[in-house]
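As the structure is a computational prediction, the values presented were derived from the model and not from experiment.
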Amino acid sequence: MRFVKIVCGLAAGCAAFAAGLDLALAQQWKPSKPVELVVGSAPGGSPDIMARLIQSIFQNTGLVPNSTVVNKPGAGNTIGWAYLNQHAGDAHYIAAFSPLVLSHRIMGTTPLNYLDFTPLNILVREYVVMGVKADSPFTSLKDLTAQLRKDPTSVSFAFAAARGNHNHIVLSMYLKSIGVDPKVAKTVIYPGGGPALTAMLGGHIDVYVASPRTFVNLQKEGRARALAVSSPQRQPGPLADLITFRELGSDAVFFTWRGFMAPKGLKPAEIAYWDAVFDKLAQSEEWKKDAESQFWNAEYLLSAATRKHLDRENDVMKAILTDLGLAKQ
């Protein structure tokens, strides 16, 4: 018992010391010029919306005095990440990121991976919805499945912003579950959620694979119809009416996470600064309301925990993409 008390006392003392050290480090560095929040996709999609909501909170609260959102769309976010990599060691540049930072390397589409950056945090979790325009002949997932089994190439699917991302993975899981080879399906990849949504509403594509935020609001307006969501069970609140793939006999269960990373080579004081900033942001009522309005699950990890998460997630993503035939052999 005496040993346990000593250890607990030491642990508490070490935790207090570490917290004080983090605070001291965070106070040693602060931005000396405008901070760029880099988004590797076009305006209108979830990464862009997240960055702009955060930039607004930075501005309204003075948490980060001077910041701007910079869109660098193309090549499935890799143009934006290459831009970030040009600023090694500069904590004034941070970029939105997602599991794409893992899947691109696994699929062999870029030499960059998460080890080439400084992961800062994960802020939200988001499921995937498959839906159609309101006047689509596909009134349910059952209708869509029947048509695909009849002719897998007769239906066009669209998503943003890169092959192998969460939207593509959910689509591939669904197709595989109904006996359709994902590689045969007709897919159109857009540089951002905005252009993809316009294509669906304009009738240029048949099925749109996107975030719940997109379909909940459009369905209320009578402009679109959600067919299924990739959550393991029904979600609360406004998402309660969205039926899951699992309920419909397809085990397409998957979610993406979103956060920010910085260039490689950041100093401990710079990482501590961003930990302190995002810790305050994630606990703020304004951010919680913003996340709820976008139908995001707000669950955050700071830098050290994010790095450990990525180490584990890389193995998971490799197994998924290999099973779907998307990994580079």
Using side-chain heavy atoms (C-beta onward) and a distance below 4.5 Å, is Ile178 in contact with Arg149?
yes

The criterion is salt bridge (Lys or Arg N to Asp or Glu O under 4.0 Å); which residues satisfy it with Lys288, sequence neighbours excluded?
Glu285

Please report the interatomic distance OG(Ser67) to CD(Gln59), rounded to the nearest 0.5 Å.
7.0 Å

Should Val132 and Val128 be regarded as members of a common hydrophobic cluster, given that ILVMFWY residues are connected when their side-chain heavy atoms come within less than 4.5 Å of each other, either directly or indirectly?
yes

Would Lys220 and Asp241 pass as an ion pair if we require N to O under 4.0 Å?
no

Does a donor on one side chain and an acceptor on the other come within less than 3.5 Å for Ser211 and Thr214?
yes

So which atom in Tyr127 and which in Pro212 form the shortest heavy-atom distance, rounded to 0.1 Å?
O-CD, 3.1 Å

Heavy-atom side-chain contact between Leu218 and Tyr208 under 4.5 Å:
no

Let me check something: do Val39 and Phe117 share a hydrophobic cluster, defined by ILVMFWY side-chain heavy atoms less than 4.5 Å apart, either directly or through other members?
no

List the steps, then state whether side chain to side chain contact (heavy atoms under 4.5 Å, CB included) holds for Val180 with Tyr174.
CA-CA 9 Å; Val180 173; Tyr174 160 66; over 6 Å; no

Under a 4.5 Å cut-off applied to non-hydrogen side-chain atoms, are Phe157 and Leu144 in contact?
yes

Nearest heavy-atom contact between Val170 and Ala252 is O-CB, 4.1 Å

Any Phe255 side-chain heavy atom under 4.5 Å of Ser230 side chain:
no

Ile320, Val253: one ILVMFWY side-chain cluster at the under-4.5 Å cut-off?
no

Value rounded to 0.5 Å, distance of CD1 in Ile94 from CE in Met261:
11.0 Å

If you measure from the Lys or Arg side-chain nitrogens to the Asp or Glu carboxylate oxygens, is any gap between Arg234 and Glu247 under 4.0 Å?
yes

With a 4.5 Å limit on heavy-atom distance, are the side chains of Pro232 and Arg246 in contact?
yes

Can you list the steps and then say if His168 with Asn165 is a side chain to side chain contact (heavy atoms under 4.5 Å, CB included)?
CA-CA 5 Å; His168 193 188; Asn165 71 353; 3.6 Å; yes

At their closest point, which heavy atom of Leu326 faces which heavy atom of Ser172, and how far apart are they?
CD1-OG, 4.3 Å

Has Asp251 got a side-chain atom pairing as donor or acceptor with Ser177's backbone, closer than 3.5 angstrom?
no

Do side-chain atoms of Asp275 reach the backbone of Ser303 as a donor and acceptor pair under 3.5 angstrom?
yes

Is there side-chain contact between Met130 and Phe245, with at least one heavy-atom pair below 4.5 Å?
yes

From Met173 CE over to Leu324 CG, what is the distance, rounded to the nearest 0.5 angstrom?
6.0 Å

Is the closest side-chain donor-acceptor distance between Tyr190 and Ser41 under 3.5 Å?
no

Strictly distance-based, threshold 3.5 Å: is any side-chain N or O of His309 a donor or acceptor partner for the main-chain N or O of Leu301?
no

Can Thr306 and Asn121 be counted as having a side-chain donor-acceptor contact under 3.5 angstrom?
no

Relative to each other, are the rings of Trp29 and Tyr273 parallel, tilted or perpendicular (30° and 60° limits)?
perpendicular

Would you please say whether a donor-acceptor pair under 3.5 Å links the side chains of Asp279 and Tyr300?
yes

Verify side chain to side chain contact (heavy atoms under 4.5 Å, CB included) between Lys133 and Arg223, making sure each step is shown before the conclusion.
CA-CA 6 Å; Lys133 191 180 176 185; Arg223 301 169 66 198; over 6 Å; no

Closest heavy-atom pair, Ala162 versus Ile189, reported as atoms and distance to 0.1 Å, is N-CG2, 3.7 Å

Looking only at heavy atoms, which two atoms of Arg163 and Met107 are closest? And how far apart?
O-CE, 3.0 Å

Sequence neighbours excluded, which residues qualify as ring-ring contact (aromatic ring centres under 6.0 Å, His included) partners of Tyr93?
His87

CA sep, side-chain torsions, deciding dist, call: Tyr114, Asp311, side chain to side chain donor-acceptor pair (under 3.5 Å):
CA-CA 9 Å; Tyr114 72 102; Asp311 289 339; 2.7 Å; yes

Work out which heavy atom in Leu248 is nearest to a heavy atom in Leu227; give both atom names and the distance.
CD1-O, 3.8 Å

Side chains of Thr78 and Thr109: closer than 4.5 Å at any heavy-atom pair?
no

At what distance, to the nearest 0.5 angstrom, does NZ of Lys186 lie from CG of Leu148?
11.0 Å

If you round to the nearest 0.5 Å, how far is NE2 of His92 from OG of Ser32?
3.5 Å

Under a 4.5 Å side-chain heavy-atom rule over Ile, Leu, Val, Met, Phe, Trp and Tyr, are Phe278 and Ile49 clustered together?
yes

Spacing of NZ belonging to Lys267 relative to OG1 belonging to Thr118, to within rounding of 0.5 Å
11.0 Å

Given the rule in the side chain to side chain contact (heavy atoms under 4.5 Å, CB included) test, do Trp81 and Leu100 qualify, once you have shown the distances and angles that lead to the verdict?
CA-CA 11 Å; Trp81 296 343; Leu100 275 177; 3.5 Å; yes

Tell me whether the rings of Trp287 and Trp296 are parallel (<30°), tilted (30 to 60°) or perpendicular (>60°).
tilted

Would you call Leu310 and Leu115 a side-chain contact if the rule is heavy atoms closer than 4.5 Å?
no

Flag if over 12 foreign heavy atoms under 6.0 Å of CD, Glu292
no

Are the side chain of Arg52 and the backbone of Pro43 linked by a donor-acceptor contact shorter than 3.5 Å?
no

Are Ser46 and Gln294 linked by a side-chain donor-acceptor pair shorter than 3.5 Å?
no

Are Val155 and Leu141 grouped together when hydrophobic residues (ILVMFWY) are joined by side-chain heavy atoms under 4.5 angstrom apart?
yes

